[in-house]
Amino acid sequence: MREKFAKLKDENKILVMLAFFSISIGLWTNFKQLWLQDNNLEVDRISQVLSISGLFCVIALIVFAKKVSLENIKKVITIAIFLKSVNLIILSILNHTEYKTVIEILIILDAIFENLIIIGIYPLIVTIKKENKLYSKRKLVEYLFRDIGILVGGILIGKTIAGLRIEYNICLLISILFLILAYITILNIKMTAKKQESVPIKQSIKYLVKDKIARDYLIFVMISEIAMNTGLGLKMLMLTNQLGFSDGGATNYLLIVGLIADGIGILALKYFTPKNEYLTLTIKFGIRFWLYLMAFLSNHLSSCLIAITWSILISTAYENVTDAPYINRMPNEYQIIFTNYRYIVKTIGTSIGVYFAGIMYPLGVPYILGLSAFFMIFQMTYAYYLVYLRNKKTIDNN
């Protein structure tokens with residue numbers, strides 16, 4: 001096994017590490033909201049904690065941007081995986097205790113470590129190889145193995161094995177095991193890529209400020225995260241508390257839909273990406289918008305479930321059009337700072353979206369999707385505008 005791993009290309013070794021990490025994330029994230037609820041946190045408090053986590057992540061990412069270079073990014077990812085493992089072990093020990101404040105702090109720390117790991121993976125890969133398909137491949141590995149994590153949880157939850165009943169905290173412990181495998185994997189990756197110096201942060205910021213496409217893309221990312229997380233930021237609680245799913249049923253639903261979505265993403269990348277990018281964006285965002293709007297206007301839970309299902313199904317498709325061109329157009333020396341700013345605005349957008357989801361939650365799923373549809377109007381506008389800007393710049397350069 002070690003010899004086969006050693007023969008893999010560097011970018012594929014990183015994807016193996018990402019696979020283990022994503023399984024861990026799928027196991028833990030799928031049940032995290034229910035784990036918190038099981039530890040006597042109310043839904044509004046869970047929403048607040050997750051939103052606050054995002055704000056602290058922004059601070060951490062700013063520090064990351066100042067301190068991390070392409071030369072030490074692997075070291076930072078390795079340390080973050082280790083600290084996340086320790087953090088989750090402590091959380092598992094505190095299960096069903098009265099230390100709610102400590103639990104909330106550890107949830108915030110967990111989000112910080114997770115974001116630092118995710119943000120570092122693609123800049124690490126682009127020091128070796130950069131292409132739109134590889135970006136989508138990296139995302140599809142993340143999505144697919146996250147869903148495998150959900151599969152493991154869905155199979156085990158509620159079962160009794162050797163006299164031990166599998167509940168949320170056991171899933172957390174299994175998640176830690178896969179995180180440890182990710183840690184072992186990255187320790188055994190010896191990067192052979194040439195060292196590349198990152199430019200000073202002030203110079204990077206000036207470069208991004210002058211780049212209109214980069215600025216508008218970051219606005220698009222924030223609006224997209226607000227729209228997505230307003231609609232699906234509390235999806236596990238929506239499914240179990242408002243749509244009548246059991247925790248196991250909700251897990252199986254997300255698993256099946258997620259796996260189909262992974263298949264759609266792979267097929268879309270290879271065969272079904274229209275040459276017209278405006279049409280691609282309409283397929284990804286336009287259909288979702290109309291389904292959300294219809295769910296809100298009809299006020300029927302069945303319409304809501306159809307809208308949620310489609311939203312998840314299309315979520316992994318066409319990132320080679322919606323994101324990769326804007327990330328890969330950045331020179332390597334600006335990759336870390338640009339990726340940092342992307343994740344900062346993404347995290348802010350996620351926090352805002354989850355906060356809005358918590359506000360709308362008492363009104364019901366149709367109102368949650370209705371507010372998400374409102375934000376999607378701005379999301380689609382920016383998406384189309386960005387394609388226009390890229391095409392115009394290409395014409396101007398020619």
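Nothing here was measured: the structure is a model prediction, and the numbers come from that model. Position 1 is the first residue of the sequence, and the numbers go up from there.
Listed by chain and residue number, Arg390 satisfy the salt bridge (charged side-chain N to carboxylate O under 4.0 Å, His left out) test with Glu277 (two or more places apart in sequence, or in another chain).
Checked by atom type and distance alone, the side chain of Thr240 never pairs as donor or acceptor with a backbone atom of Phe245 at under 3.5 Å. Side chain of Ser351 to backbone of Ser51: a donor-acceptor contact under 3.5 angstrom is found. No donor-acceptor distance shorter than 3.5 angstrom exists from the side chain of Ser311 to the backbone of Ala307, with no hydrogens or angles considered. Side chain of Lys100 to backbone of Asn40: a donor-acceptor contact under 3.5 angstrom is found. Using modelled atom types, no side-chain atom of Lys284 and backbone atom of Thr322 make a donor-acceptor pair closer than 3.5 Å. Using modelled atom types, no side-chain atom of Ser372 and backbone atom of Ile368 make a donor-acceptor pair closer than 3.5 Å. Side-chain N or O atoms of Ser47 include one that pairs as donor or acceptor with a backbone N or O of Val354 at under 3.5 Å. Between the side chain of Lys346 and the backbone N or O of Met222, no donor-acceptor pair lies under 3.5 Å. Between the side chain of Asp38 and the main chain of Leu34, no donor-acceptor pair closer than 3.5 Å is present. A distance-only check finds no donor-acceptor pair linking the side chain of Ser175 to the backbone of Cys171 [under 3.5 Å].
Put simply, CG on Leu36 and CG on Leu41 are 5.5 Å apart, with the number rounded to the nearest 0.5 Å. Here OH of Tyr361 is found 5.0 Å from CG of Leu237. Values are rounded to the nearest 0.5 Å. The CD1 atom of Ile108 sits 4.5 Å away from the OG atom of Ser53 when rounded to the nearest 0.5 Å. Note that the CD1 atom of Ile186 and the CZ atom of Phe21 stand 10.5 Å from one another [nearest 0.5 Å].
Side-chain contact between Cys57 and Glu114: absent, with no pair of heavy atoms (C-beta onward) separated by less than 4.5 Å. By the 4.5 Å heavy-atom criterion applied to side chains, Trp28 and Asp110 are counted as neighbours. Side-chain contact between Lys84 and Tyr183 is absent, with no heavy atoms from C-beta onward closer than 4.5 Å. Using a 4.5 Å heavy-atom cutoff, the side chains of Phe56 and Leu109 are not in contact.
Leu15 approaches Arg138 most closely through the heavy-atom pair CD2-CA, 3.8 Å. Residues Ile308 and Leu243 come closest through the heavy atom pair CD1-CD1, 4.1 Å.
Residue Leu177 is not grouped with residue Leu83 when hydrophobic side chains (ILVMFWY) are merged at heavy-atom distances under 4.5 angstrom, including chains of intermediate members.
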Show your reasoning for whether side chain to side chain donor-acceptor pair (under 3.5 Å) applies to Asn299 and Tyr367. CA-CA 8 Å; Asn299 200 30; Tyr367 288 90; 5.4 Å; no
When you look at Tyr355 and Asn229, which way does the side-chain contact (heavy atoms from CB on, under 4.5 Å) test go after all the steps? CA-CA 9 Å; Tyr355 178 75; Asn229 286 279; over 6 Å; no
side-chain contact (heavy atoms from CB on, under 4.5 Å) for Phe296 and Leu371? Distances and angles first, verdict last. CA-CA 9 Å; Phe296 169 67; Leu371 183 58; over 6 Å; no
Determine, stepwise, if the pair Gln33 / Leu50 fulfils side-chain contact (heavy atoms from CB on, under 4.5 Å). CA-CA 9 Å; Gln33 295 172 10; Leu50 296 179; 4.1 Å; yes
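Counting only N and O atoms by type, the side chains of Ser22 and Glu142 include no donor and acceptor under 3.5 Å apart.
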